[in-house]
Amino acid sequence: SEPSTYAFAAASAGAPPAAWAPDDEASLALWLDASDTGSITATGNNVTSIADKSGNGRNFTAGNNPQTGTRTINSLNVIDCVSASSHYLQNTTYIPSNPFQIAAVAAIDDADDSDDAIFRIGGTSRVLLRAGNVSQFFSEPQLLGAGNVTGTNYTSNREGQTDLWRMVFDLAGQDWWHYFNGSLQEEELSGYQTAFNTERFVFMAAHPSVSHLDGAFAEAVVFHSADTTIGQKAEGYLAHKWGLTAKLPGGHPYKSSPP
């Protein structure tokens, strides 16, 4: 597989390179990585798009020029998004196939709308991982469509923090799971949602025109699989790369070393 940016960084620091990368998995469907500046198209610091590293061509366009080269997390480049400037990343043709899981790293600076979202998948039938509060970010999943379900087991306010989220969906069984920094936060069985319709897949906003999130996009991967082993490898890879291992639970299989 293609060596990851983390592998090169770790090798140059004298640490062993990561043995696993997202594209080791046949089920990899999307891989956006802001640390790989070669995957970002920009004019100066103004981002116009970020390329999908999965090989599937599911590139995302950038709305209103979020910034690259101006901010880092763990010494790695990120895409800085400002709510007042209505920044976002979007693809309007790709919706993950069921079952699927998404893992993402982002920094949350400020939330000022309950729908400010790390990601939104779908249209009238959709999922948001949103603030859930008009002045704080509580990592609240919300599914709308066939049946409306809002998560109830919130995190603490994540403003000023960089964190790792993973959500797993088995919509045939109407089931979903929400993981936060490698720990199960909530599961919803028979959650009423059966599909997300193809309209848009957005990061750092609920919609291009509303509910933009102040923060930074680091990396996201989507797998067309609900396999727990793949999900935990993704968490371990992302946590070690972005400096989040202290937030993984003690029993996580990749807390001490990357996959």
Hydrophobic clusters here meaning ILVMFWY residues chained together by side-chain heavy-atom distances under 4.5 Å, can you tell me if [X] and [Y] are in one?
X	Y	value
L213	V82	no
I230	Y254	no
Y94	V202	no
L89	I118	yes
V127	F203	yes

All pairs passing salt bridge (charged side-chain N to carboxylate O under 4.0 Å, His left out) where residues 86-110 contributes a residue, at least two apart: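 For residues 86-110: R71-D109.
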With the side chain counted from C-beta on, respond yes when [X] and [Y] share a heavy-atom pair under 4.5 Å apart, and no when they do not.
X	Y	answer
R200	R120	yes
T48	T61	no
Y88	P66	no
E159	Q136	yes
V222	W31	no
I102	F119	yes
P22	L28	yes
W165	F180	yes

Pair [X], [Y]: side-chain N/O donor-acceptor within cut-off below 3.5 Å:
X	Y	value
S27	S225	no
E188	W176	no
W242	E219	yes
W20	E25	yes
Y237	K241	yes
E187	H178	no
S114	N133	no

Donor-acceptor pair, distance only, cut-off 3.5 Å: does the side chain of [X] make one with the backbone of [Y]?
X	Y	answer
H224	S97	yes
N45	Q67	no
D52	R58	yes
N64	S86	yes
D115	S211	no
H87	N65	yes
D112	S135	no
D36	D33	no

Step by step, work out the side-chain contact (heavy atoms from CB on, under 4.5 Å) result for L32 and F217. CA-CA 9 Å; L32 303 181; F217 174 86; 3.8 Å; yes
For T72 and N74: C-alpha separation, side-chain torsions, deciding distance, then whether side-chain hydrogen bond (donor to acceptor under 3.5 Å, both in side chains) applies. CA-CA 6 Å; T72 63; N74 203 34; over 6 Å; no
Relative to each other, are the rings of F60 and F201 parallel, tilted or perpendicular (30° and 60° limits)?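 Taking F201 first and then F60, their aromatic rings stand perpendicular (interplane angle over 60°).
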Start with the C-alpha gap between E235 and L164, add the side-chain angles, then the distance that decides, and say whether side-chain contact (heavy atoms from CB on, under 4.5 Å) holds. CA-CA 7 Å; E235 289 170 338; L164 164 60; 3.9 Å; yes
Which pair of non-hydrogen atoms, one from [X] and one from [Y], has the smallest distance, and what is that distance?
X	Y	result
I108	R158	CB-O, 3.5 Å
M204	C81	CG-SG, 3.8 Å
F223	A234	CE1-CB, 4.0 Å
S83	D214	N-OD1, 2.9 Å
D24	A19	OD2-O, 3.8 Å
V78	A34	CA-CB, 3.8 Å

Given T93 and N91, is the side-chain contact (heavy atoms from CB on, under 4.5 Å) satisfied, shown in steps? CA-CA 6 Å; T93 60; N91 180 300; 3.2 Å; yes
Between [atom1] on residue [X] and [atom2] on residue [Y], distance to nearest 0.5 Å:
X	Y	atom1	atom2	result
T68	I40	OG1	CD1	3.5 Å
Q232	D227	CD	CG	9.0 Å
D170	D175	CG	CG	5.5 Å
L248	H240	CG	NE2	6.5 Å
M167	Q185	CE	CD	11.0 Å
I79	S35	CD1	OG	10.0 Å

Decide side-chain hydrogen bond (donor to acceptor under 3.5 Å, both in side chains) for Q161 and D163; before the verdict, give the C-alpha distance in whole Å, the side-chain angles of both, and the deciding distance to 0.1 Å. CA-CA 6 Å; Q161 298 288 321; D163 292 300; over 6 Å; no
Set out, in order, the CA-CA distance, both residues' side-chain angles and the distance that settles side-chain contact (heavy atoms from CB on, under 4.5 Å) for N56 and L30, then state yes or no. CA-CA 7 Å; N56 292 304; L30 176 70; over 6 Å; no
State whether F196 and R126 meet the cation-pi test: NZ (Lys) or CZ (Arg) under 6.0 Å from the six-membered ring centroid, and within 45° of the perpendicular axis.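 No, R126 and F196 do not form such a contact.
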